[in-house]
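To start, the structure under review is shown below, and the notes come after it.
For this chain, numbers begin at 1 and follow the sequence in order.
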Amino acid sequence: MAASAPAHQTTMKAIVRERYGPPDVLELRDVEIPTIDDDSILVRVRAAAVNAYDWHMMRGRPSLVRVVAGLRKPKSSAMGIDVAGQVEAVGKNVTQFRPGDEVFGSRSGSLAEYVRGTSQSFLVPKPARLTFEQAAAVPMAGTTALQGLRDKGQIKPGQKVLINGASGGVGTFAVQIAKAFGAHVTAVCSTRNVEQARSLGADEMSRRAARCHLGGGCWSQMESSWASGQRTLDMGWRRSSLVSSRRRWCHGSGSRKCRSFWRRTAKRI
């Protein structure tokens with residue numbers, strides 16, 4: 001038999017939603033504690049983080065999200081993905097973990113008192129020097145940055161890397177990971193976050209890049225970096241990038257066309 005959930009407790013508190021929409025759709029409810037089988041583990045949540053991913057899952061936007069999460073309503077009511085906590089119970093086939101171990105990772109339904117996972121999933125031992133809150137902030141953002149640089153970007157020592165969105169959740173990890181790989185890092189972020197990017201290890205800050213989110217030439221900076229042989233890691237779609245790049249297309253193309261563009265853009269952002 002697999003180890004069972006805490007005998008003194010059969011329900012837990014969890015943030016759930018039954019439909020897509022604004023934050024008002026979120027509810028705090030009593031739900032059943034997840035059951036585990038011989039290959040699963042049950043983790044008591046000590047901290048959970050919220051990402052842009054959670055906003056998309058809550059809203060069901062963009063529409064592509066619903067292809068996976070459910071067309072008319074969510075297939076699962078669970079919310080949250082990043083988690084850090086302590087192993088509460090393990091199945092009989094689990095050898096990597098035992099009750100009391102501190103772990104962190106990405107598991108659906110992390111905005112609850114307990115979450116279920118497997119030893120083959122994204123749950124890994126938590127470094128002792130990290131608090132639960134610090135560890136919970138790592139999984140999705142840190143993994144995304146690592147995959148982009150190491151797996152897809154094939155980063156190597158001595159390469160020049162331009163990181164667009166260097167002050168965001170993924171970008172702050174990307175700057176540090178790129179430096180750990182021995183790359184020369186140019187950070188792209190808003191002016192107010194320049195010192196933060198430098199403190200994380202960025203070698204250079206482009207003045208044009210630092211102004212891009214105020215309506216400047218972010219995309220032209222990226223184009224010039226490609227021309228000079230740098231590798232560019234874009235840390236996400238940005239409203240200002242859409243507006244600034246389209247603004248140059250619209251400029252001088254006729255007032256009716258421009259007005260139509262700005263109306264469509266306002267609806268999208």
Side-chain angles (χ1 to χ4, degrees), residues 49-56 62 81-82 84 104-106 122 127 129-131 133-249 265 268-269:
V50 177
N51 298 278
Y53 169 91
D54 302 297
W55 185 93
H56 292 302
I81 193 80
D82 281 356
F104 75 112
S106 297
F122 292 110
R129 67 179 180 277
L130 294 183
T131 66
E133 292 79 8
Q134 291 171 331
V138 172
M140 178 168 282
T143 301
T144 301
L146 184 63
Q147 289 174 339
L149 288 164
R150 183 193 64 187
D151 302 341
K152 300 299 182 181
Q154 299 291 307
I155 188 172
K156 294 178 175 60
Q159 287 183 326
K160 293 183 178 180
V161 178
L162 184 143
I163 298 175
N164 185 35
S167 61
V170 178
T172 51
F173 283 104
V175 171
Q176 298 173 80
I177 292 172
K179 288 300 298 179
F181 274 97
H184 181 93
V185 177
T186 300
V188 178
C189 64
S190 60
T191 304
R192 67 178 181 273
N193 292 319
V194 165
E195 290 306 317
Q196 178 196 59
R198 285 202 179 105
S199 70
L200 294 175
D203 298 290
E204 294 184 41
M205 299 295 304
S206 169
R207 291 184 180 179
R208 293 185 68 186
R211 293 197 302 268
C212 74
H213 302 308
L214 301 178
C218 183
W219 289 109
S220 61
Q221 168 63 31
M222 290 180 65
E223 291 162 3
S224 65
S225 70
W226 275 108
S228 64
Q230 291 186 16
R231 289 176 177 262
T232 301
L233 183 62
D234 190 350
M235 290 295 99
W237 177 85
R238 297 180 180 276
R239 297 180 181 182
S240 55
S241 297
L242 169 69
V243 172
S244 61
S245 61
R246 295 301 187 189
R247 182 185 296 160
R248 291 194 292 276
W249 165 84
T265 300
R268 292 181 64 181
I269 65 177

Check: Where the side chain of Gln134 meets the backbone of Thr131, is there a donor-acceptor pair that is under 3.5 Å apart?
Finding: yes
Next item on the list: Quick one: closest heavy-atom pair of Ala174 and Ala145, and the distance?
Entry: N-CB, 3.7 Å
Note to self: On a heavy-atom basis, which atom in Cys189 and which in Ser167 lie closest, and how many Å separate them?
What the structure shows: CB-OG, 3.6 Å
Checklist line | Separation between CG of Leu149 and CD1 of Ile155, rounded to the nearest 0.5 Å | finding: 5.0 Å
Checklist line | Results of salt bridge (Lys or Arg N to Asp or Glu O under 4.0 Å) for Arg198 - residues two or more places apart only | finding: Glu195
Item checked: Check: Thr143 side chain, Met140 main-chain N or O, donor-acceptor pair, under 3.5 Å -> no
Next item on the list: Could you pull out the closest heavy-atom pair between Ile163 and Ala178, with the gap in Å?
Entry: CD1-CB, 4.3 Å
Notebook entry, point to check: What distance do Lys156 atom NZ and Phe181 atom CZ have between them, rounded to the nearest 0.5 Å?
Noted result: 10.5 Å
Note to self: Please find the pair of heavy atoms, one from Ala202 and one from Val175, that lie closest to each other, and give the distance.
What the structure shows: N-CG1, 3.7 Å
Note to self: Quick check for you: to the nearest 0.5 Å, what is the distance between Leu146 atom CG and Phe173 atom CZ?
What the structure shows: 11.0 Å
Notebook entry, point to check: Rounded to the nearest 0.5 Å, what separation is found between the OH atom of Tyr53 and the CG atom of Asp82?
Noted result: 10.0 Å
Checklist line | Minimum-distance pair of heavy atoms, taken over all atoms of Phe104 and Ala135 | finding: CD1-O, 3.4 Å
Check: How many angstroms lie between atom CG of Asn193 and atom CE of Met205, to the nearest 0.5 angstrom?
Finding: 8.5 Å
Check: Shortest non-hydrogen contact from Ala49 to Ala136?
Finding: CB-O, 3.2 Å
Next item on the list: Spell out, as yes or no, whether a donor-acceptor pair under 3.5 Å connects the side chain of Asp54 to the backbone of Asn51.
Entry: yes
Next item on the list: Could you check Lys179 against Asp203 for salt bridge (Lys or Arg N to Asp or Glu O under 4.0 Å), going step by step and ending with a plain yes or no?
Entry: CA-CA 9 Å; Lys179 288 300 298 179; Asp203 298 290; 3.0 Å; yes
